[in-house]
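Please read the structure below before turning to the comments.
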Amino acid sequence: MVTAIGIDIGGSLVKLGAVDGSGKVLARGTVPVHRDIEFSDFVHLVTKATEELTRQFPDIAAIGIGVPGTPNPETGMLNGRCPAIPALLKGSLSKLFGIRFGVPAIVRNDAVCATHGEMRHGAGRPFSRFALLTLGTGIGGAMVIDRKVIDGPDGLPPQLGCISLDPARTDIADPVPGMVENLASARALVNRYRQLKPDTDATNAEAVCDLAKQGEPIALQVVDEVARWLGQMIGIMSNMLNIEAAIIGGGLALAGPFFTDRIARNVRDFVLLKPGRPPVIVAVEHGNDAGVIGAAALALDMFAPARKE
């Protein structure tokens with residue numbers, strides 16, 4: 001069975017996996033990192049963890065790397081900023097890992113990788129057109145049109161979190177007035193709850209959702225507000241592109257049907273039902289493995305053309 005290494009780089013943890021052609025993670029590894037790490041130290045740590053996987057699976061065919069930034073597909077160099085790990089701007093991981101391990105290596109945006117993983121091996125398998133939304137500190141994601149993950153010039157992913165839903169809001173005007181990231185991300189949900197209930201001990205979205213599931217009125221109000229904003233956002237995308245589904249990832253996806261069902265009810269208010277239909281709202285299938293699986297699958301699909309759909 002053909003195997004690739006998938007590497008998913010986060011701001012505090014790098015996740016790695018040996019992934020076969022069916023999307024099964026055969027072995028895993030992790031590397032703790034931090035924002036101020038030097039590029040050489042980062043490469044050393046991740047190379048060492050990759051070597052441990054290649055000792056178990058010496059015949060890997062490719063390496064895929066997902067990064068929290070905008071990498072140029074041709075050079076592997078990141079464009080613009082990379083606030084999570086600024087050192088990644090200093091070199092091409094695809095070039096370095098390709099040389100070190102003697103196999104083709106690619107670097108892509110992490111949300112693009114996760115979307116590819118869900119398309120090939122997860123919740124996106126039944127759909128030709130869908131959006132994947134990662135709801136965490138911000139809102140990221142990507143679009144799939146006719147079974148192809150869409151990114152832009154020089155690897156620029158769609159800026160889904162910058163869709164403006166309430167431009168009159170002067171309190172959340174940066175960088176785009178009233179953008180959905182400031183209304184419906186996991187961070188926005190917690191901020192809104194703490195605004196309405198300043199004495200709360202809840203410090204993360206999971207805690208607020210747990211309170212909402214228990215029927216706590218303010219937590220339930222905030223979850224419903226976020227679901228309404230996401231319903232509006234998905235409705236806009238559905239009217240533009242006639243997407244069949246929106247797949248919800250990130251921390252808020254852990255709330256399961258309690259959350260996704262609320263989004264689905266709100267989407268109907270923002271979609272022209274005829275001749276269209278409201279898109280299906282589902283959670284990601286692979287959770288924290290989506291980025292690793294997607295990076296590996298993307299590398300295999302690029303360098304083993306016979307496997308492409």
Side-chain angles (χ1 to χ4, degrees), residues 3-19 27-58 60-117 134 136-138 140 142 149 151-159 288-304:
T3 305
I5 300 294
I7 302 174
D8 183 19
I9 299 173
S12 60
L13 191 70
V14 177
K15 299 185 288 290
L16 306 92
V19 182
R28 293 176 172 82
T30 58
V31 178
V33 293
H34 57 85
R35 186 183 186 279
D36 297 323
I37 191 170
E38 293 291 336
F39 184 71
S40 59
D41 293 335
F42 179 91
V43 171
H44 172 74
L45 291 172
V46 179
T47 298
K48 184 178 178 180
T50 305
E51 289 172 347
E52 293 176 4
L53 291 176
T54 59
R55 277 195 287 270
Q56 299 176 62
F57 302 93
I60 63 165
I63 296 174
I65 305 168
V67 298
T70 305
N72 184 303
E74 300 299 323
T75 66
M77 294 294 296
L78 270 64
N79 300 315
R81 300 168 61 247
C82 185
I85 303 184
L88 294 181
L89 296 169
K90 296 183 179 179
S92 169
L93 294 179
S94 56
K95 181 178 180 180
L96 290 170
F97 277 72
I99 293 172
R100 168 62 186 83
F101 294 98
V103 297
I106 63 164
V107 177
R108 293 291 186 274
N109 172 263
D110 52 1
V112 169
C113 288
T115 303
H116 192 86
T134 56
T137 303
V149 181
D151 54 12
D154 297 330
L156 180 68
Q159 303 300 305
N288 285 332
D289 282 339
V292 167
I293 292 170
L298 192 55
L300 285 177
D301 283 350
M302 286 190 66
F303 298 116

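- Two residues are said to be in side-chain contact when any heavy atoms from C-beta on lie closer than 4.5 Å; H116 and D301 meet this criterion.
- Distance alone, capped at 3.5 Å, is enough to place a donor-acceptor pair between the T134 side chain and the G140 backbone.
- Separating the OG1 atom in T54 from the CZ atom in F101 is a distance of 5.0 Å, to the nearest 0.5 Å.
- With hydrogens and angles ignored, the 3.5 Å screen pairs a side-chain donor or acceptor of S92 with a backbone N or O of T75.
- Here the CG atom belonging to L300 is positioned 11.0 Å from the CD1 atom belonging to I63, to the nearest 0.5 angstrom.
- Looking at residues two or more places apart in sequence or on another chain, you find no salt bridge (Lys or Arg N to Asp or Glu O under 4.0 Å) involving D110.
- Listed here is the closest heavy atom pair of A62 and A299: CB-CB, 3.8 Å.
- Closest of all the heavy-atom pairs between A61 and P104 is O-CD, 3.4 Å.
- In this structure, the side chain of R28 does not engage the main chain of K15 through any donor-acceptor pair within 3.5 Å.
- Atom NZ in K90 sits 11.0 Å away from atom CE in M77 (nearest 0.5 Å).
- The CD1 atom of I65 sits 11.0 Å away from atom CG of D8, with the distance rounded to the nearest 0.5 Å.
- A111 and A142 get closest at one heavy-atom pair: O-CB, 4.3 Å.
- The backbone N or O of G69 lies less than 3.5 Å from a partner atom in the side chain of N109, making a donor-acceptor pair.
- Closest approach of C113 to R108, counting heavy atoms only: SG-CB, 3.8 Å.
- In N288, the CG atom is not crowded: 12 or fewer heavy atoms of neighbouring residues, nucleotides or ligands sit closer than 6.0 Å.
- At a threshold of 4.5 Å between non-hydrogen side-chain atoms, the residues I9 and F42 count as touching.
- A4 and A296 get closest at one heavy-atom pair: CB-O, 3.8 Å.
- Atoms CD1 and OG1, on I5 and T50 in that order, are 6.5 Å from each other to the nearest 0.5 Å.
- Under the 4.5 Å side-chain criterion, counting only non-hydrogen atoms from C-beta, F39 is in contact with L93.
- L53 and L16 make their closest contact through CD1-CB, 3.8 Å (heavy atoms, listed as atom of the first residue, atom of the second, distance).
- Under the 4.5 Å side-chain criterion, counting only non-hydrogen atoms from C-beta, I7 is in contact with F97.
- The distance from atom CD1 of I85 to atom CD1 of I37, rounded to the nearest 0.5 Å, is 7.0 Å.
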